[in-house]
Amino acid sequence: MIKRTLYFGNPAYLSKRNEQLLIEVPDAPVRLGEKDNKRSVPVEDIGIVILDNQQITITQAAMAALLKNNAAIITCDDTHHPVGLFMPLDGHDIQSERFRHQITATEPLKKQLWQQTVSAKILNQAAVLSGRGIEVENLLRWAKSVRSGDPDNFEGRAAAYYWRYLFGVDLNFFRRREGEPPNNLLNYGYAILRAMVARGLVSSGLLPTLGIHHRNKYNAYCLADDIMEPYRPYVDKMVCEILDDGEDFDFITTELKARLLGIATVDVHIEKESSPLMVGLQRTTASLAKCYETTSRKILYPLIPMPGSRKSEVGSPK
């Protein structure tokens with residue numbers, strides 16, 4: 001079952017009662033003499049909670065219940081940018097065993113996993129560009145040429161080409177976290193995606209900190225940053241649609257946030273099966289756990305169909 005993403009952009013009081021998240025919004029209207037400012041959502045239905053207002057209060061009981069049910073809690077600063085991510089400590093029945101497999105994974109295995117990751121990312125970038133009428137033969141060739149560990153840096157080559165043409169050469173876009181819009185839309189979408197990936201990893205009994213490629217000692221989510229790479233083009237595609245619709249993207253409005261939060265329900269295709277992205281992520285992280293256990297050698301990543309291809313032809317890279 002796909003979990004719900006709850007976004008709070010106004011002052012609110014969040015508490016817990018009888019396994020329900022109680023939501024009280026002080027500024028909500030009063031209708032027909034009855035208060036319309038209270039709602040409740042079953043905690044077990046919630047996957048992500050986004051707190052995007054400095055006047056939100058959440059009780060310890062509510063936080064504990066959410067984390068116990070493998071929900072991720074994202075906090076935003078006064079500029080509405082995500083700055084914190086709360087994750088459960090215990091997300092799987094055999095977590096300690098999976099930790100051991102992950103920690104003792106060999107370098108050749110991690111390089112092979114990174115090879116699959118880069119190949120899937122480039123194929124998805126190619127599909128996005130092709131859908132916008134841009135030549136992608138070089139990307140398809142590079143995706144097939146990625147070697148173990150990507151020593152030839154095909155990921156970097158593909159990224160340079162991809163970002164040059166994704167939004168059109170007239171925009172003169174440069175992908176930088178602190179860069180000009182639409183970097184702001186990409187940053188927000190990636191933050192939501194990163195939280196979903198981290199949640200999926202914890203639910204599969206893995207440590208989001210220990211990456212297969214990313215190794216920044218200041219980064220607590222190196223593995224999440226690895227596994228989200230093939231999923232990034234889904235966010236890019238949504239941002240392209242926002243720009244194509246002619247919406248003002250200099251500032252991230254509530255409406256734009258709502259569109260980007262829809263990333264959780266975007267259809268993805270993994271080995272001829274279609275599912276919402278959040279469900280697909282769980283398949284990806286579960287397959288990664290099997291790779292660490294050496295019972296499988298393949299991460300199940302989704303692939304965006306190339307224009308003109310049938311969905312039944314879509315599968316993970318070999």
- L66/F86 under side-chain contact (heavy atoms from CB on, under 4.5 Å): CA gap, chis, key distance, verdict: CA-CA 10 Å; L66 288 166; F86 295 87; over 6 Å; no
Answer yes when [X] and [Y] have at least one side-chain N-carboxylate O distance shorter than 4.0 Å, and no when they do not.
X    : Y    : value
E241 : K237 : yes
K121 : D150 : no
R215 : E107 : yes
E229 : R232 : yes

Are side-chain heavy atoms of [X] and [Y] found at a separation under 4.5 Å?
X    : Y    : answer
D225 : N216 : no
P182 : F173 : yes
L85  : I73  : no
K257 : D52  : yes
K3   : M278 : yes
N124 : Y234 : yes
L166 : R175 : no
V118 : H213 : no

- Message: Between Y162 and D236, do the side chains contain a donor N or O and an acceptor N or O under 3.5 Å apart?
- Response: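 A pair is found: one side chain offers a donor N or O, the other an acceptor, under 3.5 Å apart.
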If I take atom [atom1] from residue [X] and atom [atom2] from residue [Y], how far apart are they, to the nearest 0.5 angstrom?
X    : Y    : atom1 : atom2 : result
M63  : L21  : CE    : CG    : 12.0 Å
L206 : L223 : CG    : CG    : 6.5 Å
L281 : L193 : CG    : CG    : 6.5 Å
E293 : H101 : CD    : NE2   : 5.0 Å
E255 : I242 : CD    : CD1   : 11.0 Å
M87  : L207 : CE    : CG    : 11.0 Å

- Whichever hydrophobic residues join V83 through chains of side-chain contacts under 4.5 Å: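 Direct or chained contacts put V83 with none.
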Main chain of [Y], side chain of [X]: is a donor-acceptor contact present, judged purely on distance under 3.5 Å?
X    : Y    : answer
R283 : I270 : yes
T209 : Y221 : no
Q116 : R297 : yes
T75  : L51  : no
E135 : E137 : yes
S119 : Q115 : no
Q125 : L139 : no
N184 : D250 : yes

Non-hydrogen atoms of [X] and [Y] that approach each other most closely:
X    : Y    : result
P82  : Y188 : CD-CD1, 4.3 Å
I263 : L277 : O-CB, 3.4 Å
V43  : Q20  : CG2-C, 3.9 Å
L256 : F249 : CD1-CA, 4.3 Å
G149 : W114 : O-CD1, 3.7 Å
S148 : K111 : OG-CB, 3.2 Å

- List in chain and number order the residues that pass salt bridge (charged side-chain N to carboxylate O under 4.0 Å, His left out) with R177, two or more places apart in sequence or in another chain; answer none if no residue qualifies.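 Testing R177 for salt bridge (charged side-chain N to carboxylate O under 4.0 Å, His left out), a comparison that skips the adjacent residues, returns none.
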- Task: Quick one: list whatever passes salt bridge (charged side-chain N to carboxylate O under 4.0 Å, His left out) with R147, sequence neighbours left out.
- Result: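 For R147, the residues satisfying salt bridge (charged side-chain N to carboxylate O under 4.0 Å, His left out) (neighbours in sequence not counted) are D152.
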Quick check: is [Y] connected to [X] through a chain of hydrophobic side chains (ILVMFWY, heavy atoms under 4.5 Å apart)?
X    : Y    : result
I227 : F99  : no
I304 : W163 : yes
V169 : L186 : yes
V197 : L210 : no
Y7   : M238 : yes

- Message: Under the rule for ring-ring contact (aromatic ring centres under 6.0 Å, His included), what residues qualify as partners of Y190, not counting sequence neighbours?
- Response: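 Scan of Y190 (ring-ring contact (aromatic ring centres under 6.0 Å, His included), adjacent residues dropped) gives none.
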- Item | By ring-ring contact (aromatic ring centres under 6.0 Å, His included) - contacts of Y165 (at least two apart) |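 Here the qualifying residues are Y161.
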If you count the non-hydrogen atoms of other residues, nucleotides and ligands that lie under 6.0 Å from [atom1] in [X], is the total more than 12?
X    : atom1 : value
Q55  : CD    : no
D245 : CG    : yes
R259 : CZ    : yes

- Task: Kindly determine whether L260 and I192 satisfy side-chain contact (heavy atoms from CB on, under 4.5 Å), including the steps that lead there.
- Result: CA-CA 8 Å; L260 292 169; I192 303 305; 5.9 Å; no
- Item | Stepwise side-chain contact (heavy atoms from CB on, under 4.5 Å) check, D244 with R132 | CA-CA 11 Å; D244 292 343; R132 300 180 68 76; 2.9 Å; yes
- Task: Dump the intermediate steps for side-chain contact (heavy atoms from CB on, under 4.5 Å) on I299 and C291, then the final yes or no.
- Result: CA-CA 7 Å; I299 306 180; C291 291; 4.2 Å; yes
- Task: Kindly write out the residues that satisfy side chain to side chain contact (heavy atoms under 4.5 Å, CB included) with Q282, not counting sequence neighbours, or none if the list is empty.
- Result: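 Side chain to side chain contact (heavy atoms under 4.5 Å, CB included) check on Q282 returns R199, S203, S204, T285.
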